[in-house]
Amino acid sequence: MNNQLLADLLYPNITKTPADYENIYPKRALDDNAEVMRIAPSPTGFIHLGNLYGALADERIAHQSNGVFFLRIEDTDNKRLVKGAVETIISTFDYFKIEFDEGAEVKNNNGNHYGPYYQRQRTDIYQAYAKDLVRKGLAYPCFCDEEHLKQQRTKQQELKITTGYYGPWAVCRNLDFELIKANIEANKSFVIRLRSNGDPKIKHSFHDEIKGDITVIENDQDVILLKADGIPTYHFAHAVDDHLMHTTIVLRGEEWLGTLPIHLELFKALNHPLPKFAHTSQLMKMDNGIKRKLSKRKDPELSLDYYRQLGYHPDAVKIYLMTLLNWNFEEWFLKNPDADITAFKFSVNKMGQSGALFDLDKLNNISKTFLSKKEPEEIMMYLKNFVQENDASKMDIYFKDEAYLLQILNLGMGTNLKKRRKDYIYASQILASIAYYFDDVYQPSYDFIFDKSLCIKIIEAFIANYDHRDDNAQWFDKLKAIATQFNIAAEMNDYKNNPDAYIGNISELAEVLRVATTGYKNTPDLWSIMQIMQEKRVLTRLHQALDTLNGKM
RNA sequence: GGUCCGUUGGUGAAGCGGUUAACACACCAGAUUCUCAAUCUGGCAUACACGGGUUCAAGCCCCGUACGGACUACCA
């Protein structure tokens, strides 16, 4: 069989050769230890935590080595293409401030020299490589239709042998040239398959940057390189693109470990030097005591939109992801609480080998600490962006008086305290926690500790004695006086020593006033809240509570 | 079914042959002359999946078992 003839028959219009492409995409001018990383999502419309997890690792490794980080869109499966998915990908990475040096839709002053970065636009390139493989006898056209393949698979399953297209099952492996020619002329649809010469009984040791030394068997599957529509499969596109784009470390999910033998054989067949491989562990979650992979359908927290909608700060999410990504990050961050995460020396070999369990509590804790370090002005801007993006109609409620908001945030964050408070987790939670300051969104649900009549008496006594000019001490003295009046312990120690002598304690009395003013049992310092609210609003609130207690509302 | 990967406390996770197995989160208790989800102090846990083996010595090496996961598509 004349392979050159076959190659020309299959792809008469492809004139460029791999050598041409080698010239078009020369080796990158980078330092020796610079790493070229890439993230290659397929535009299915769903971008998840795992994508960010990988992207963050890619970005750190590339940039801390003065390398390159690029975005490639793997749109080879036209059945799964979703409109607008690419925009979602870009905007999500943008929100989390993951910066690409080049790639799809990336603005780059130096030019995107290794594009196009959409695989559909690279069809000629793949076909040129496939043609070359055919010419070398390393690939061949296959005319088996899906029905035949399906039957074959069923048969293999019945025989309990490995399924697939290999060895004696690869019926198109040695077709007669004349037959192929006739088929082509009859417009029969075909795919291009690799002519594998591996033996799965042979095992090799392979070094994965994350997993360490692993065992891989040789591939013997005549995998499809180009599908009937001329578009490559993931495997072939990967072996061509990551070579031409000069990726130095292929970092991807561990679900690719199983197909690594195919990729290894492909790189060899194409005569492409092997990049390093790093297979990341899966993000897991605890579900009814079982550790399982996060699933798109069951776990809303897998979607990055979830964090965006609640208003988690992108940097906080990234810090959390870093703790999952590199086990020594957390300790470093504890020692360098104010350093930018880019100052951390990221290492691939310090990535976890087993599935990291996603822990929302920990994310929240990290988020609290992170936000507590911000200045109230920054928090305000952050809230502003959030409200603008998610609930623009409320802009006026929260931001019409920024000085007022700033006072609220100062108190809420405890900026005047020796140690700041860590109550704020994400934007929507902050807004909910300060809603009581704003009449338009204030919706109290009172839950008083004392019975109705006592609460009324306490609130009335407080109003009767209220003087907005009182300082904290004077204010508190008045509370004590009211307490004494109703046989409530004014001193906590007295109460503790003899609880039966009183009907309650000063803390409980304060709670009544706190609930009456804010609708909450837990708030920052009450006196300060009243100072911020101003006299008129305080009295309005107290009367509102009285009305409710008296059944007038 | 086959191939590969994994298994340290409630959770993340260090330790990679040699004292009481770090650290963090969560949790619990006490403290805090107003609460608290904040802060301080203290504590907690039947943690090295199981069974063999190698060794003076094993979470760490070897073998097997169990369990979990991934792959096994003209999907990525």
Side-chain angles (χ1 to χ4, degrees), chain A residues 40-42 44 74-77 79-80 142 144-146 149-150 153 156-157 159-164 189-193 200 203 208 211 214-217 221 223-229 231-235 237-238 252-261 279 281-282 284 286 289-293 323-324 327-328 330-331 333-334 350 352-359 361-366 368 372 412-414 417-425 433 472 475-476 479-480 483 490-494 505-511 513-515 520-527:
Chain A
S42 48
T44 56
E74 310 225 322
D75 53 357
T76 53
D77 182 10
K79 290 189 287 299
R80 297 206 309 170
C142 165
C144 293
D145 57 23
E146 298 206 40
L149 260 20
K150 202 174 144 195
R153 183 158 46 241
Q156 290 165 331
Q157 278 161 353
L159 292 169
K160 292 194 189 303
I161 58 171
T162 307
T163 56
S189 135
F190 67 92
V191 301
I192 297 294
R193 309 191 87 115
K203 299 186 178 194
D208 181 87
K211 301 274 176 192
I214 55 173
T215 311
V216 288
I217 54 169
Q221 295 277 342
V223 291
I224 293 175
L225 269 21
L226 294 179
K227 299 182 266 191
D229 57 3
I231 304 291
T233 55
Y234 169 88
H235 312 299
H238 154 57
R252 63 203 339 185
E254 68 181 349
E255 66 270 22
W256 293 110
L257 224 37
T259 43
L260 186 60
H279 290 93
S281 48
Q282 223 93 50
M284 314 287 277
M286 198 51 99
I290 304 165
K291 195 172 170 182
R292 51 153 253 253
K293 186 180 167 183
T323 68
L324 292 184
W327 50 258
N328 55 333
E330 199 171 353
E331 205 173 327
F333 195 60
L334 245 32
K350 288 191 169 121
Q353 288 193 10
S354 55
L357 202 82
F358 186 75
D359 186 351
D361 282 335
K362 190 134 182 173
L363 202 214
N364 287 343
N365 175 278
I366 284 172
K368 282 179 181 180
S372 76
M413 299 177 72
L417 268 38
K418 275 193 220 84
K419 281 244 178 172
R420 290 205 175 168
R421 295 188 62 91
K422 295 187 199 164
D423 291 323
Y424 293 167
I425 309 174
S433 79
N472 202 343
W475 178 89
F476 194 54
L479 245 57
K480 286 183 181 174
E491 300 292 340
M492 283 307 280
N493 277 342
D494 294 346
N505 61 54
I506 185 74
S507 146
E508 290 165 339
L509 181 141
E511 183 183 301
L513 295 169
R514 171 171 280 113
V515 170
Y520 282 108
K521 289 185 176 183
N522 305 331
T523 70
D525 167 59
L526 226 206
W527 175 78

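Just so it is clear: chains get the letters A, B, ... in the order the sequence lines come, proteins before strands, and each one is counted from 1.
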Review point. Does the side chain of Lys227(A) get closer than 4.0 angstrom to OP1 or OP2 of C75(B) through an N or O atom?
Key: yes
Check your understanding: For His238(A) and C71(B), what is the distance between atoms NE2 and P respectively, to the nearest whole Å?
Key -> 16 Å
Point to revise | Value rounded to 0.5 Å, distance of OG1 in Thr76(A) from NE2 in His238(A) | key: 13.0 Å
Exercise for review: Answer yes or no: is there a donor N or O on one side and an acceptor on the other, between the side chain of Gln221(A) and the main chain of Thr163(A), under 3.5 Å?
Suggested key: yes
Practice item. Identify, with sequence neighbours excluded, every residue that meets side chain to side chain contact (heavy atoms under 4.5 Å, CB included) alongside Asn522(A). Key: none
Exercise for review: Measure from the side-chain heavy atoms of Tyr234(A) and tell me the nearest of A76(B), U3(B), A73(B).
Suggested key: A76(B)
Practice item. Would you classify Leu526(A) as touching base, sugar-phosphate or nothing, given that sugar-phosphate means primed atoms plus P, OP1 and OP2, and contacts are heavy atoms under 4.0 Å? Key: base
Review point. Roughly how far, to the nearest 0.5 Å, is the CD atom of Glu254(A) from the CG atom of Leu260(A)?
Key: 12.5 Å
Practice item. With sequence neighbours left out, write down each residue that passes salt bridge (charged side-chain N to carboxylate O under 4.0 Å, His left out) with Arg420(A), or none if nothing qualifies. Key: Glu375(A)
Review point. Among all residues two or more places apart in sequence or in another chain, which pass the salt bridge (charged side-chain N to carboxylate O under 4.0 Å, His left out) test with Arg421(A)?
Key: Asp423(A)
**Study point:** Touch class at under 4.0 angstrom, heavy-atom based, for Pro41(A) against every strand present
**Key:** nothing
Exercise for review: Can you tell me, in whole Å, how much space there is between the P of A13(B) and that of U20(B)?
Suggested key: 26 Å
**Study point:** Phosphate contact (C36(B) OP1 or OP2) by Ser433(A) side-chain N/O below 4.0 Å
**Key:** no
Review point. Considering residues at least two apart in sequence or located in another chain, which fulfil the side chain to side chain contact (heavy atoms under 4.5 Å, CB included) criterion with Thr523(A)?
Key: Tyr436(A), Arg514(A), Thr518(A), Tyr520(A), Ile529(A)
Check your understanding: Who passes salt bridge (charged side-chain N to carboxylate O under 4.0 Å, His left out) against Lys422(A), sequence neighbours left out?
Key -> none
Exercise for review: By nearest nucleotide on RNA chain B, pick out whichever of Glu146(A) and Thr323(A) is the more 5' one.
Suggested key: Thr323(A)
Review point. Counting any heavy atom closer than 4.0 Å, what does Glu511(A) reach on the DNA or RNA strands: base, sugar-phosphate only, or nothing?
Key: nothing
Check your understanding: Using Watson-Crick and G-U wobble pairs with both distances under 3.5 Å, what is the 5'-to-3' dot-bracket string of RNA chain B, with [ ] for crossing pairs and | for pairs outside the strand?
Key -> (((((((..(((.....[....))).(((((.......))))).....(((((..]....))))))))))))....
Review point. How does each nucleotide of nucleotides 25-32 of chain B score, in 5' to 3' order, for protein heavy atoms under 4.0 Å: base (B), sugar-phosphate only (S), or none (-)?
Key: SS-----S
Exercise for review: Pick base, sugar-phosphate or nothing for Lys203(A), based on heavy-atom distances below 4.0 Å to the nucleic acid.
Suggested key: sugar-phosphate
Review point. Where the side chain of Asn522(A) is concerned, which of A76(B), C74(B), U35(B) is the nearest nucleotide?
Key: U35(B)
Practice item. Drop me the distance from Ile217(A)'s CD1 to Lys203(A)'s NZ, to the nearest 0.5 angstrom. Key: 7.5 Å
Point to revise | Non-neighbouring partners of Thr259(A) that pass side chain to side chain contact (heavy atoms under 4.5 Å, CB included), sequence neighbours left out | key: His235(A), Trp256(A), Ile262(A), His263(A)
Check your understanding: Considering only the P atoms, how many Å lie between U46(B) and U3(B), rounded to the nearest integer?
Key -> 40 Å
Check your understanding: When rounded to the nearest Å, what value does the distance between P atoms of C44(B) and U7(B) take?
Key -> 28 Å
**Study point:** For Arg80(A), all residues meeting salt bridge (charged side-chain N to carboxylate O under 4.0 Å, His left out), sequence neighbours excluded
**Key:** Asp77(A)
Exercise for review: Quick one: label Thr76(A) by what it contacts on the DNA or RNA (base, sugar-phosphate, nothing), any heavy atom closer than 4.0 Å.
Suggested key: sugar-phosphate
Check nucleotides 59-62 of chain B for protein N or O atoms closer than 3.5 Å to its own N or O atoms and list the pairs.
none

Point to revise | All side chain to side chain contact (heavy atoms under 4.5 Å, CB included) counterparts of Phe190(A), not counting sequence neighbours | key: Leu10(A), Tyr11(A), Pro141(A), Phe143(A), Ile184(A), Ile192(A)
**Study point:** Shortest side-chain distance from Thr259(A), nucleotide among A73(B), A76(B), C4(B)
**Key:** A76(B)
Point to revise | Residue Thr215(A), side-chain atoms from C-beta onward, closest of A73(B), C75(B), C4(B) | key: C4(B)
So which protein N/O to nucleotides 39-45 of chain B N/O distances come out below 3.5 Å?
residue	atom	partner	partner atom	Å
U39(B)	OP1	Lys422(A)	NZ	3.2
C40(B)	OP1	Lys419(A)	NZ	3.0

Revision key, fill the gap. Closest of U72(B), U33(B), C74(B) to the Arg193(A) side chain is C74(B)
Check your understanding: Say you pick atom C1' in G6(B) and the same atom in G43(B); how far apart are they, in whole Å?
Key -> 33 Å
Exercise for review: Give the nucleotide from the list C75(B), A76(B), U33(B) with an atom nearest to the side chain of Glu74(A).
Suggested key: A76(B)
Check your understanding: Taking the side chain of Glu491(A) as heavy atoms from C-beta outward, which of C75(B), U33(B), C5(B) is closest to it?
Key -> U33(B)
Point to revise | C1' spacing across the pair G69(B) / A37(B), given as an integer number of angstrom | key: 36 Å
**Study point:** Gap separating the CG atom of Asp75(A) from the CD1 atom of Ile231(A), nearest 0.5 angstrom
**Key:** 8.0 Å
Check your understanding: Any side-chain N or O of Lys521(A) under 4.0 Å from OP1/OP2 of C36(B)?
Key -> no
Review point. Does the side chain of His279(A) come within less than 4.5 Å of Ile214(A)'s, by heavy atoms?
Key: no
Review point. Which part of the nucleic acid does Ile214(A) contact within heavy-atom distance under 4.0 Å: base, sugar-phosphate only, or nothing?
Key: sugar-phosphate
Check your understanding: If you check every side-chain atom of His235(A), which of A76(B), C74(B), G2(B) has the closest atom?
Key -> A76(B)
Check your understanding: Separation of Gln221(A) atom CD from G2(B) atom C1', in whole Å?
Key -> 11 Å
Review point. Where the side chain of Asp423(A) is defined as all heavy atoms beyond and including C-beta, which of A76(B), C74(B), A38(B) is the nearest nucleotide?
Key: A38(B)
